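Keep in mind the model is a prediction, meaning the values are calculated, not measured. Quick note: numbers below take in every heavy atom, side chains included, and nothing from hydrogens, waters or symmetry partners.
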Amino acid sequence: MPQTLLGLLALAILMQLTFSQQQVTVRSYQSQLRDEFSVSASGMLMEAMELIAARPFDAASSPQQILSAGGLPAESDFGSIGPGGGDTGCDLFAINLNTCNDLDDLAQDRWWNADVQLSNGYSLPFEVKVEIAYVDGEAPDVAVGGPTSTKRVVLSARTSMLPRDSTFIYLERVIAYDSEKATADCIRYEGSGDEDIIATCSSQR
């Protein structure tokens, strides 16, 4: 009888050790998987951020509005954050000024599909959320209600392939209005070397 109890005790200890080892292995695999997804998501978010920064700062500084209004905007001309009327054709990874003419049109209450293509033909499914706010140029961590010449962009990524479908990586950047960029965008959009167009694109309202 004592030998049987000792045998059962040894078996119980062995099962506990095996279970603990399996838990360690699973946690290690989950951590490795998360790290791999973090690397892929980081590259994807950096690409998305560059494309966001390449867009006009505001609808008022878009080429169409500059040409229509007859010059570059003042800070007081900037509008509220979010898509304006008709801005339903936005694409996070493509710039089309006819359907999505400034960077904060992407600040919609939704998650954008952002799959990362792999060399073997497969892809990793990600979703990205874009949050944009006006901030104080002297203190970019402080969001403000009214228009300023500075916006903070925060990108959040998640994937359904991790154990929990939760946000797991962020990328943040502060983008300031650049009148020289707005002028260059306007001239390039018009595609003309006409002196009147150049003068309009570079003059202040």
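Of all heavy-atom pairs spanning Pro140 and Gly137, the tightest one is CD-O, 4.1 Å. Closest approach of Arg205 and Gly71 over heavy atoms only: NE-O, 2.7 Å. Across every non-hydrogen atom of Cys90 and Trp112, the tightest pair is O-CZ3, 3.4 Å. The nearest pair of heavy atoms linking Asp91 to Arg55 is O-NH2, 2.6 Å.
Considering only heavy atoms from C-beta on, Ser42 comes within 4.5 Å of Ile169 through its side chain. In this structure the side chain of Leu124 never reaches within 4.5 angstrom of the side chain of Met44, judged on heavy atoms. Counting heavy atoms from C-beta outward, Asp105 and Asp102 have side chains that approach closer than 4.5 Å. For the pair Ile175 and Thr150, the minimum side-chain heavy-atom distance is 4.5 Å or more. In this structure, the side chains of Met49 and Leu155 come closer than 4.5 Å at one or more pairs of heavy atoms. Proximity of Gln65 to Pro73: side-chain heavy atoms (C-beta onward) are nowhere separated by under 4.5 Å. Between Ser149 and Glu75 there is a side-chain heavy-atom pair separated by less than 4.5 Å. By the 4.5 Å heavy-atom criterion applied to side chains, Lys181 and Asp185 are counted as neighbours.
Between Ser40 atom OG and Gln117 atom CD the span is 11.5 Å, to the nearest 0.5 Å. Rounding to the nearest 0.5 Å gives a distance of 10.0 Å between CD of Glu131 and CD of Glu172. For the atom pair CD1 (Ile197) and OG1 (Thr200), the distance works out to 5.5 Å, reported to the nearest 0.5 Å. Between atom CD of residue Gln204 and atom OG1 of residue Thr183 there is a gap of 9.0 Å, rounded to the nearest 0.5 Å. The CD atom of Glu190 lies 11.5 Å from the CD1 atom of Ile66; values are rounded to the nearest 0.5 Å. Put simply, CG on Leu72 and OG on Ser203 are 6.5 Å apart, with the number rounded to the nearest 0.5 Å.
Phe37 and Met46 fall within a single hydrophobic cluster, where Ile, Leu, Val, Met, Phe, Trp and Tyr side chains are chained together by heavy-atom contacts under 4.5 Å. Both Val116 and Leu45 are part of a single hydrophobic cluster, where members link through side-chain heavy atoms under 4.5 Å apart. In this structure, Leu92 is a member of the same hydrophobic cluster as Phe126, with clusters built from ILVMFWY side-chain heavy atoms closer than 4.5 Å. Both Leu171 and Phe168 are members of a single hydrophobic cluster when ILVMFWY side chains are connected at heavy-atom separations under 4.5 Å. Leu103 and Trp111 are assigned to two separate hydrophobic clusters, defined by single-linkage of ILVMFWY side chains at heavy-atom distances under 4.5 Å.
Not one N or O on the side chain of Asp58 forms a donor-acceptor pair closer than 3.5 Å with the backbone of Ser61. A donor-acceptor pair under 3.5 Å is formed between the side chain of Asp104 and the backbone N or O of Gly82. Although no hydrogens or angles enter the test, the distance criterion places a donor-acceptor pair under 3.5 Å between the side chain of Gln64 and the main chain of Leu97. A side-chain donor-acceptor contact under 3.5 Å links Thr148 to the backbone of Val135. A donor-acceptor contact shorter than 3.5 Å is absent between the side chain of Asn101 and the backbone of Asn98.
Figure legend: cation-pi geometry between Lys151 and Phe57, with NZ or CZ positioned under 6.0 Å from the six-membered ring centre and within 45° of its axis.
For Phe78 and Tyr134, the gap between ring centers reaches or exceeds 6.0 Å.
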- Message: Apply salt bridge (charged side-chain N to carboxylate O under 4.0 Å, His left out) to residues Asp109 and Lys129 and explain how you reach the verdict.
- Response: CA-CA 8 Å; Asp109 187 20; Lys129 190 167 189 178; 3.6 Å; yes
- Message: Set out, in order, the CA-CA distance, both residues' side-chain angles and the distance that settles salt bridge (charged side-chain N to carboxylate O under 4.0 Å, His left out) for Glu127 and Arg110, then state yes or no.
- Response: CA-CA 9 Å; Glu127 291 182 314; Arg110 56 169 290 187; over 6 Å; no
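For the side chain to side chain contact (heavy atoms under 4.5 Å, CB included) with Ile187, the qualifying choice from Pro63, Ser202, Cys201 is Cys201, the only one to do so.
Comment: Glu50 engages Arg173 in a salt bridge, judged by a side-chain N to carboxylate O separation of less than 4.0 angstrom.
Within a 6.0 Å sphere centred on CD of Glu138, heavy atoms belonging to other residues, nucleotides or ligands number 12 at most.
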